[in-house]
Q: 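Have a look at this one before I ask anything.
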Amino acid sequence: MHTIAQMAPHWGAGGFTPVFPIIWGLAWVAVIALAVTGRRRGWWGPRRPAAATASPPSPTASAEQILAERYARGEMSDDEYMERMSVLKGGSS
């Protein structure tokens, strides 16, 4: 740019010429800061699993899952499944 300004003085490379590299440098710093911030906050990049961001599972979640699997396989009746789930959830049967 400096050579062009010397060859064509009518372009008016005045007192702002040293400011342009500083502006470009600050622009690159801003782009990098935005990328780092976006990556840390999860705006883009690999997504965290939903289980990692959700609240911790209840203490009876694994027991409820086992009951649901047994019910799906047909190892227990509707009444037995409902009774056991109500006991797990704190209800009376």
Side-chain angles (χ1 to χ4, degrees):
M1 180 82 172
H2 185 63
T3 305
I4 294 173
Q6 284 180 342
M7 292 173 60
H10 62 275
W11 283 6
F16 290 109
T17 305
V19 176
F20 292 125
I22 295 170
I23 290 173
W24 277 109
L26 290 175
W28 279 111
V29 168
V31 166
I32 291 170
L34 180 66
V36 169
T37 302
R39 174 81 175 177
R40 285 187 179 173
R41 292 191 180 186
W43 294 341
W44 68 80
R47 298 286 183 215
R48 293 181 185 92
T53 58
S55 62
S58 67
T60 60
S62 62
E64 291 174 9
Q65 183 179 2
I66 292 170
L67 279 178
E69 289 171 0
R70 288 184 60 199
Y71 177 70
R73 286 193 300 259
E75 296 177 7
M76 60 176 63
S77 66
D78 295 343
D79 295 332
E80 185 179 5
Y81 174 73
M82 296 304 281
E83 179 182 343
R84 291 185 184 208
M85 284 300 284
S86 68
V87 169
L88 280 177
K89 294 192 183 272
S92 61
S93 56

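Model, not experiment: these values are computed from the prediction.
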Q: Can you list every pair that meets ring-ring contact (aromatic ring centres under 6.0 Å, His included) and has a residue in residues 61-80, with sequence neighbours left out?
A: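 Sorted result for residues 61-80: Tyr71-Tyr81.
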Q: CG/Leu67 to CE/Met82 distance, rounded to the nearest 0.5 angstrom?
A: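 That separation rounds to 11.5 Å.
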Q: Indicate yes or no for a side-chain donor-acceptor contact from Thr37 to the backbone of Leu34 under 3.5 Å, with no hydrogens or angles considered.
A: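 Absent.
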Q: Please identify each residue that fulfils side-chain hydrogen bond (donor to acceptor under 3.5 Å, both in side chains) with Glu64, with sequence neighbours left out.
A: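 In terms of side-chain hydrogen bond (donor to acceptor under 3.5 Å, both in side chains), with neighbours along the sequence ignored, Glu64 is linked to Thr60.
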Q: Which ILVMFWY residues can you reach from Ile66 by hopping between side chains whose heavy atoms are under 4.5 Å apart?
A: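 Hydrophobic cluster check, Ile66: no partners found.
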Q: What residues join Ile22 in its hydrophobic cluster, counting side-chain heavy atom gaps under 4.5 Å, either direct or through other members?
A: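 For the cluster that includes Ile22, the remaining residues are Leu26.
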Q: For Glu80, enumerate each residue passing the salt bridge (charged side-chain N to carboxylate O under 4.0 Å, His left out) test, keeping only those at least two apart in sequence or located in another chain.
A: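 For Glu80, the residues satisfying salt bridge (charged side-chain N to carboxylate O under 4.0 Å, His left out) (neighbours in sequence not counted) are Arg84.
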